[in-house]
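Per chain, numbering begins at 1; letters A, B, ... match sequence-line order. Nothing here was measured: the structure is a model prediction, and the numbers come from that model.
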Number of protein chains: 2
Amino acid sequence: MVKYEAIANEIRKRILRGVYPVESLIPDQISLSKEFNVSRMTMKKALDILAMEGLIYRQRGSGTYVMKTALLNKQDAVVNEYDGLTKQLKGHEITSKVIQFNVEFPSEEIMEHLMIKKNQPVYNLIRLRIVDGKPYVLEHTHMPTDLATGLTEEIMEHSIYRYIHEELGLQFGGAFRKIHADKPSKYDQEYLDCKSDDPVLEVEQVVYLKDGRPFEYSRSRHRYDTRSYTMADINKNI
Amino acid sequence: MVKYEAIANEIRKRILRGVYPVESLIPDQISLSKEFNVSRMTMKKALDILAMEGLIYRQRGSGTYVMKTALLNKQDAVVNEYDGLTKQLKGHEITSKVIQFNVEFPSEEIMEHLMIKKNQPVYNLIRLRIVDGKPYVLEHTHMPTDLATGLTEEIMEHSIYRYIHEELGLQFGGAFRKIHADKPSKYDQEYLDCKSDDPVLEVEQVVYLKDGRPFEYSRSRHRYDTRSYTMADINKNI
DNA sequence: AAGTGGTCTAGACCACCAG
DNA sequence: TGGTGGTCTAGACCACTTC
C-alpha cells in the first residue's frame with residue numbers, strides 16, 4: 001500500500017466517524033503532512049483522492065472542508081457494472097439460466113462494437129439472471145472467442161466475470177454505456193415475466209480491457225420496476 | 001493555463017491527428033519532459049489527465065501506449081447533465097414552455113433531497129423543453145429560493161443554468177443521478193405527445209454546488225425513442 | 001542489466017481569501 | 001499581511017518489463 005492511499009483511508013475514516021464533522025474545516029496540509037510524516041505533495045495527493053470521491057472540498061486561500069454530502073449512503077454511489085452481478089449483489093442468491101450459447105462470425109454491428117474483423121469468431125450468448133428466485137435481467141452478450149477463451153456452460157451458470165478476472169487474469173479498464181427505455185420484446189415478456197405494456201430499461205455497454213481492447217458488447221434488459229441505474233458524478237478539478 | 005494542462009492539450013492533439021498513432025508507444029516520460037522543458041513530475045501529471053480521459057494506457061516497465069479506443073467519437077462520451085440543455089444541444093432551436101411556477105414549502109421528500117428545513121421555501125416548476133419544434137423533455141424541478149434567487153418566468157423560458165452560472169456566479173460541483181424507465185403519466189401523454197404504452201425514460205437528479213449544498217432536485221422525463229443516456233467510465237488508477 | 005512508469009521528498013513560488 | 005491550497009522542480013528510490 002502506498003503512502004497516499006493509506007493516508008486517504010485514515011482521513012476517510014475520520015470523516016465517516018465524525019472526527020472531522022460535516023461542513024467543518026479540517027487541518028491544513030502542512031499540519032497534516034507533519035502528523036503523517038510525509039511531504040506536502042504526498043499529503044495533497046491523499047486529499048486529491050478524497051476530493052474525487054466527493055468527501056471534501058478545497059478553497060484556495062481558505063482551507064479544506066468536509067462536504068455536506070459526505071455522509072450520504074455511498075453503497076450504490078459507484079456502480080461498476082463490469083464487476084458483474086455476482087459481486088454487486090453479494091448476499092443474494094443469484095442463479096443463471098443459459099438460454100442460448102453459440103459461436104459465430106460477427107455481424108457488422110458487432111464487428112464495430114468489438115473492433116474486430118469479420119473472420120474473428122465471437123461467443124453469442126443469452127442468459128437470464130435470477131436473483132432470490134425472481135427473474136432480474138436478460139443479458140444478450142457478445143465476446144471475441146480469443147479473449148474469453150474456454151467459456152463453458154458451467155461457467156456461464158455462475159460468474160463469467162469471476163472467470164475472466166481470476167482464471168484468465170484479464171483486467172478491465174473501463175466501459176461505454178448507453179441507457180434507454182424500450183417496449184418489451186417477446187423475449188422480455190417470456191423470461192422477465194412482464195406484461196405487454198411494462199417498459200424495459202436497457203443498459204447497452206462495451207467493456208474494455210486495460211489496454212483498450214473491447215472485450216464484451218452486451219445489452220442487459222430489466223423490467224422497469226426492478227432496477228434503476230444510479231451514479232455519482234463529481235466535478236473533478238484535479 | 002498551467003503547464004500540465006497545456007502539455008496534455010498538445011499531446012491530445014498529437015493523438016487525435018495521428019502523430020502518435022493508435023496502439024503505438026509514445027515517447028517515454030524523460031524524453032517528453034525534456035521536449036517540453038518541465039520536470040518529470042509535471043510531465044506525469046499531464047499524462048494522468050490523458051489516462052483519465054481514456055486516451056492512453058501506461059504499463060510500468062514497458063511504456064505508454066495510445067488506446068485502441070482513442071479515436072472513438074467523444075462528443076457524447078461525457079454528458080454533463082448540469083450544463084443544461086441549452087449548452088448541450090448547441091445549434092438546435094430550443095424553446096421552453098413554463099407549465100407551472102410556484103413558491104412553496106418543501107415536502108418531506110424534497111426536504112431530504114435538498115437537505116433543507118421545512119420553513120425554507122422552494123421553487124417548484126414544471127417546464128416543457130422543445131427542441132427543433134418537437135417536445136423533448138418534461139422537467140419537474142425544485143430549487144431552494146435562497147440559492148436560485150430572483151428566478152423569473154423570463155429566465156425560465158430560456159436557460160436557467162446560464163442564469164445560475166453567469167448572473168449568480170454559482171459553480172456546480174457534481175450530481176447524483178438515478179435513471180429508470182416508467183410508464184407514461186397523464187402529464188407525459190399530454191405534453192410529450194406519447195401514447196399510453198410508450199415507455200418513458202426518467203433521469204432523477206440532485207445537483208450540488210462546489211461546496212456541497214444541494215441546489216436542484218429534478219425529474220426529467222423523456223419519451224423512450226427520443227433520448228438515451230450515454231456515459232464513459234474509465235477505471236482510474238491515478 | 002537497462003529502461004520504463006510510480007512514488008516520494010524538501011523546498012520554492014504563486015494565486016487567492018481572510019483579518 | 002499571514003495563511004491557505006495549487007503548481008513546479010531536481011533528484012532519489014522502487015517495481016516492473018524486456019532483453
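Taking only side-chain nitrogens and oxygens, Lys45(B) comes nearer than 4.0 Å to OP1 or OP2 of dT7(D). Proximity of Thr64(B) to the phosphate of dT4(C): no side-chain N or O atom is located under 4.0 Å from OP1 or OP2. Residue Lys3(B) places at least one side-chain N or O closer than 4.0 Å to OP1 or OP2 of dT9(D). Note on Arg58(B): every side-chain N or O is 4.0 Å or more away from OP1 and OP2 of dT4(C). Contact between the side-chain N/O atoms of Tyr4(B) and the OP1/OP2 oxygens of dT7(D) is found at a separation under 4.0 Å.
Residues from residues 19-26 of chain B lying near DNA chain C, meaning a heavy-atom separation below 4.0 Å, are absent.
When rounded to the nearest whole Å, the span between CD1 of Ile56(A) and C1' of dG5(D) equals 11 Å. In this structure, Ile49(B) places its CD1 atom 12 Å from C1' of dT7(D), rounding to the nearest Å. Rounded to an integer number of Å, the gap from Ile30(B) CD1 to dG3(C) C1' is 9 Å. Rounded to whole Å, the distance from CE on Met1(A) to P on dT7(C) is 13 Å. Between the CG atom of Asp28(A) and the C1' atom of dC17(C) there is a distance of 14 Å, rounded to whole Å. Look at NZ on Lys44(B): it is 17 Å from C1' on dA10(D), rounded to the nearest Å. Distance CD (Gln29(A)) to P (dC8(C)): 16 Å, rounded to an integer number of Å. As a whole-Å value, the separation of Asp211(A) CG from dG5(C) P is 16 Å.
Ser96(A) and Arg129(A) share a donor-acceptor pair across their side chains, judged by distance under 3.5 Å alone. In summary, the side chains of Glu204(A) and Tyr217(A) do present a donor paired with an acceptor at a separation below 3.5 Å, with no hydrogens or angles considered.
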Contact state string [nucleotides 11-19 of chain D, B base, S sugar-phosphate only, - no protein heavy atom under 4.0 Å]:
BB--BBB--

Let me see the working for Glu153(B) and Leu125(B) under side-chain contact (heavy atoms from CB on, under 4.5 Å), right down to the final yes or no.
CA-CA 10 Å; Glu153(B) 297 228 8; Leu125(B) 58 101; over 6 Å; no

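Proximity of Leu114(B) to Val122(B): side-chain heavy atoms (C-beta onward) are separated by under 4.5 Å at one or more points.
Side-chain N or O atoms of Thr230(A) include none that pairs as donor or acceptor with a backbone N or O of Lys178(B) at under 3.5 Å.
For the pair Ser33(B) and Ile30(B), the tightest heavy-atom approach, listed with the atom from each and the gap, is OG-O, 2.9 Å.
The aromatic ring centroids of Phe215(A) and Tyr208(A) lie 6.0 Å or more from each other. For Tyr229(B) and Tyr229(A), the distance between ring centers is not under 6.0 angstrom.
Ion pairing between Glu139(B) and Arg219(B) fails under the 4.0 Å rule for side-chain N and carboxylate O.
Minimum atom distance to the side chain of Ser39(A) is reached by dA10(C), of the listed dA10(C), dC8(D), dT7(C).
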